[in-house]
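Note sheet for the following structure.
The analysis underlying the following values was restricted to heavy atoms, covering all of them including side chains, and did not include hydrogens, waters or symmetry mates. Order of the sequence lines fixes the chain letters, A, B, ..., with proteins taken first and strands second; residue numbering starts at 1 for each chain.
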There are 2 protein chains.
Amino acid sequence: MNADIRVAIVEDDEEILQLFSLLIENSPGFSCPYTFSNGKDAVENLRPGQVDVILMDIDLPGLSGISCTQLLREQAPNVNIVMLTVHEDDQALFDSLCAGATGYILKETPPSQILGHIQSAFEGGSPMSGSIARRVVKSFHAPRQNSPLSEREREVLGLLCKGQNYKMIAEALFVSPNTIKAHIKNIYRKLEVNTRAEAVSKAHKDRLL
Amino acid sequence: MNADIRVAIVEDDEEILQLFSLLIENSPGFSCPYTFSNGKDAVENLRPGQVDVILMDIDLPGLSGISCTQLLREQAPNVNIVMLTVHEDDQALFDSLCAGATGYILKETPPSQILGHIQSAFEGGSPMSGSIARRVVKSFHAPRQNSPLSEREREVLGLLCKGQNYKMIAEALFVSPNTIKAHIKNIYRKLEVNTRAEAVSKAHKDRLL
DNA sequence: GAATCAATTGCCCATTTGGGTAGTTTTTTT
DNA sequence: AAAAAAACTACCCAAATGGGCAATTGATTC
């Protein structure tokens with residue numbers, strides 16, 4: 001029987017691929033039955049149940065690591081994909097998570113810790129480099145500090161999100177519908193939108209509530 | 001000079017408070033100058049710069065640990081608050097993060113690791129128990145599996161979020177505005193809403209896009 | 001083959017919305 | 001004290017919206 005944690009690697013840099021592949025193969029409890037140098041090969045060859053964890057580079061030739069992650073998660077929803085990258089920018093990070101990545105670690109991570117991260121992913125955790133975890137957590141912190149909206153406007157926007165119209169909002173806030181209309185006009189100007197739907201969308205995207 | 005990581009503890013269980021306080025005080029590199037048995041005392045007595053990390057229980061008498069976190073973050077934005085709790089439910093977790101928590105670890109965590117977590121929080125990381133990290137990461141995964149909307153309807157909803165009207169959406173999808181209207185009616189019925197704003201709001205909240 | 005569902009199109013009509021313009025009052029900042 | 005926001009109110013009007021009713025087509029399911 002084979003109780004090893006089976007790891008696949010998708011990485012176009014031959015040197016790094018070799019490095020990690022050898023590291024994993026030579027560690028008790030781990031095996032590395034598949035390696036791919038591009039996303040297309042990985043998507044075409046990996047089948048559900050063949051591996052437990054996939055180490056995925058983001059900068060791949062052709063199919064990007066993020067698109068590849070999305071496709072692999074669709075055909076094998078239970079696989080744990082850990083992004084392994086030099087990218088520290090928010091865009092790559094959150095795109096990866098939205099694509100279904102389980103973890104996100106930086107390539108500067110020492111090899112000794114890499115194995116721990118793989119194991120963590122396998123055991124139901126979500127390994128992340130420290131600075132990455134902080135950025136993920138920070139994304140929940142309401143950044144209303146740079147909100148261009150006044151307190152009252154946020155209040156109105158909140159009711160807007162509930163599908164209320166001028167009259168309903170007016171009644172809820174004990175003012176005239178005209179006032180609400182004025183507030184909404186100001187909200188539109190500040191958010192650079194011109195419909196309720198767009199205002200609500202922007203409010204959610206920029207976490208203004 | 002004092003290069004210790006200064007830790008405050010807010011915890012109503014005397015036994016646990018003692019346990020952690022002693023653990024921290026007796027570890028080189030750490031000190032525990034403040035302990036509080038309720039949230040009110042912590043908010044009234046802690047001043048910016050006095051401590052680096054706060055261990056916060058969620059179940060506090062009076063002011064909850066979550067409210068306490070929010071208040072402390074307002075008066076000392078740079079402090080790192082690590083929730084220390086038995087709660088594994090999503091509500092407490094995400095409420096804590098939104099309130100400004102930096103980390104979230106379970107009380108079952110072995111004391112040896114607690115110190116590492118405190119250090120991680122101090123160094124710009126976001127310590128989380130494995131299962132917690134996974135739940136945070138999962139919150140980014142689009143759960144469109146239970147979406148009641150058809151592919152086409154999601155497409156329309158997406159354009160709705162951009163503030164487009166019947167005609168614009170119709171042109172974008174090469175169909176008649178009446179068709180779009182029909183789609184939107186169906187979206188309303190399925191999401192149980194009756195305005196664009198509410199539909200967009202619900203779409204974001206339930207991550208339907 | 002029948003039934004169901006998604007996608008498509010059309011029309012009517014009352015209500016709502018968004019944009020423009022023009023004020024007053026209150027609070028906050030300078 | 002003066003200036004600047006923020007909050008409040010009002011009216012006009014064209015355009016957009018939401019709800020109701022009716023129907024065809026194609027694909028999928030039963």
Any [X] side-chain nitrogen or oxygen under 4.0 Å from OP1 or OP2 of [N]:
| X | N | answer |
| --- | --- | --- |
| R152(A) | dA5(D) | no |
| R196(A) | dT16(C) | no |
| T179(B) | dT9(C) | yes |
| S150(A) | dA5(D) | no |
| Y166(B) | dT17(D) | no |
| N178(A) | dA10(D) | yes |

Identify whether the distance between the nearest side-chain nitrogen and carboxylate oxygen of K190(B) and E153(B) falls below 4.0 Å.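 A salt bridge is present here (some side-chain N lies under 4.0 Å from a carboxylate O).
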Using a strict cut-off of less than 4.0 Å between a Lys/Arg side-chain nitrogen and an Asp/Glu carboxylate oxygen, indicate whether R135(A) and E88(A) qualify as a salt bridge.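 Salt bridge flag = yes for E88(A) with R135(A).
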Which sits closer to the 5' end of DNA chain D, H183(A) or N165(B), going by the nucleotide each is nearest to?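 Looking at the nearest nucleotide for each, H183(A) comes out on the 5' side.
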Measure [atom1]/[X] against [atom2]/[N] and give the value in whole Å, please.
| X | N | atom1 | atom2 | value |
| --- | --- | --- | --- | --- |
| F174(A) | dA7(D) | CZ | C1' | 16 Å |
| I180(B) | dG10(C) | CD1 | C1' | 14 Å |
| I169(A) | dA7(D) | CD1 | C1' | 15 Å |
| Y188(A) | dG19(C) | OH | C1' | 11 Å |
| K185(B) | dA7(C) | NZ | C1' | 14 Å |
| R154(B) | dA7(C) | CZ | P | 10 Å |
| M168(A) | dT16(C) | CE | P | 10 Å |
| E171(B) | dT8(C) | CD | P | 15 Å |

I need the single residue from L19(B), T109(B), I24(B) that forms a side-chain contact (heavy atoms from CB on, under 4.5 Å) with I114(B). Which is it?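 Answer to the side-chain contact (heavy atoms from CB on, under 4.5 Å) test with I114(B) among L19(B), T109(B), I24(B): T109(B).
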For residues G39(A) and L60(A), report the shortest heavy-atom separation together with the two atoms involved.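 It is N-CD1, 4.0 Å.
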Test K107(A) against L84(A) for side-chain contact (heavy atoms from CB on, under 4.5 Å), laying out the working first. CA-CA 6 Å; K107(A) 281 190 177 168; L84(A) 190 58; 4.1 Å; yes
Does the dG19(C) base have a donor-acceptor partner in the side chain of K181(A) within less than 3.5 Å?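 Such a pair is found, so the answer is yes.
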So what does S176(B) hit on the nucleic acid, given a heavy-atom distance under 4.0 Å: a base, only sugar-phosphate, or nothing?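 The answer is sugar-phosphate, as S176(B) gets under 4.0 Å only of primed atoms, P, OP1 or OP2.
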